[in-house]
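Remarks on the structure that follows.
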Amino acid sequence: MNKRHFLRRGLAVSAAAGVAAPAVAQSSPAVRWRLASSFPKSLDTIFGGAEVLAKRLSEITNGRFQISVHAPGELMPAFGVVDGLQAGSVECAHTASYYFVGKNKAFGFETTLPFGMNQRQQNAWMYYGGGMQLVRDFMRDYNIVNFPGGNTGVQMGGWFKKEIRGVADLKGLKMRIPGIGGEVMARLGAVPQQLPGGEIYQALEKGTIDAAEWVGPYDDEKLGFFKVAPHYYYPGWWESNSMYSFYVNAKAWDALPKDYQSAFAAAAAEANVDMMAEYDFKNPQALRRLVGQGVKLHAYSTDLLRAAQDAAFELYAEESDKNPAFRKMFEPWMKFRTDVMIWHRFAEQTYTNFVQNNPPKRSG
Ligand code: CA
């Protein structure tokens with residue numbers, strides 16, 4: 001008897017005996033959801049996070065729970081997903097909370113705030129530090145249940161036509177940088193511009209902007225910024241991590257069987273970890289290629305970073321004074337940020353500093 005024959009026979013026997021399989025089928029309804037992504041397919045690593053979720057969910061549920069992934073414009077515009085979920089016109093979305101700071105700056109916390117935490121610290125805050133509950137309480141008004149759904153890690157600090165030696169060089173500088181990071185840049189004298197990814201290269205080439213930030217080496221290389229703005233700065237202090245999210249309409253969530261809810265949470269957690277690992281695999285290779293093309297890497301000066309950090313925390317104090325939703329999240333966020341950074345300062349930072357500065361004598 002060959003193997004396939006044996007398997008088929010085995011299945012026939014257990015089905016006839018009424019073991020396990022029929023009971024599972026009864027409690028596993030066919031569920032089909034649509035997911036609206038806020039990310040262009042060109043950001044393949046980020047867009048791919050929703051595909052990781054959908055694939056794993058289908059595998060865990062034997063194909064009973066299917067999610068179709070839709071690019072911006074197919075179901076709704078990229079930045080229409082919160083309205084779409086609130087109205088119940090789609091079951092779920094993959095997005096970044098900070099796209100919605102125009103509705104309320106408290107949307108910033110889930111993705112990141114300038115001078116926020118790194119990816120590990122953000123995960124710790126969300127999964128254990130009370131962040132998830134704070135975000136879920138806030139999201140209730142929007143009929144949304146949220147899950148962490150990927151991260152870029154610390155982003156790069158953008159592409160500049162000319163060197164930026166200090167804060168004075170930012171005066172009047174037109175830079176593509178969205179959100180609260182853009183507001184902080186404006187406080188330092190720059191003129192933030194909002195431009196979608198596909199329009200940045202041309203604006204840099206024509207000189208209608210002087211600088212632009214996007215993501216990191218892997219994504220930035222594809223858009224070719226190095227050809228028109230060769231000075232590549234780090235770190236992207238406005239995105240010390242960039243945590244993306246799966247958003248689910250609360251009514252659709254409540255209607256799911258418990259085992260599907262658990263499967264969704266597990267698949268989302270996998271997508272959250274997977275994206276960071278994929279970026280940490282792709283970025284070193286892209287950075288090497290960029291440097292090979294003559295890109296000049298520069299660290300922002302400590303003075304500039306200090307000025308930017310002070311401006312950011314002034315903004316947070318002002319916002320806390322006038323926005324109770326922001327204040328409610330800012331205070332515990334700040335406390336967690338302080339505590340986790342003290343811990344990371346010892347073993348993590350000392351080890352990282354040592355290995356970065358002291359390569360082994362024998363590496364072969
Ligand atoms: Ca960015």
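Each ligand, and each atom within it, is numbered from 1 in the order the structure gives. Predicted model only: the values in this text are computed from it and were never measured.
Between Y244 and F39, the angle of the ring planes goes over 60°, which puts this pair in the perpendicular group of the 30/60° scheme.
The side-chain tip of K282 points at the ring of Y218 from less than 6.0 angstrom away and within 45° of straight on. Because its NZ or CZ atom is both nearer than 6.0 Å to the ring centre of F147 and within 45° of the ring axis, R136 counts as a cation-pi partner of that residue.
With the Ca ion (ligand 1) as the vertex, O of W214 and OE1 of Q155 span 80° to the nearest 10°.
Shortest distance from the Ca ion (ligand 1) to E239 is reached at OE1 (N/O/S atoms only). Note on E213: its N/O/S atom closest to the Ca ion (ligand 1) is OE1.
Partner of W238 under the side-chain contact (heavy atoms from CB on, under 4.5 Å) criterion, out of I180, I177, V184: I177 alone.
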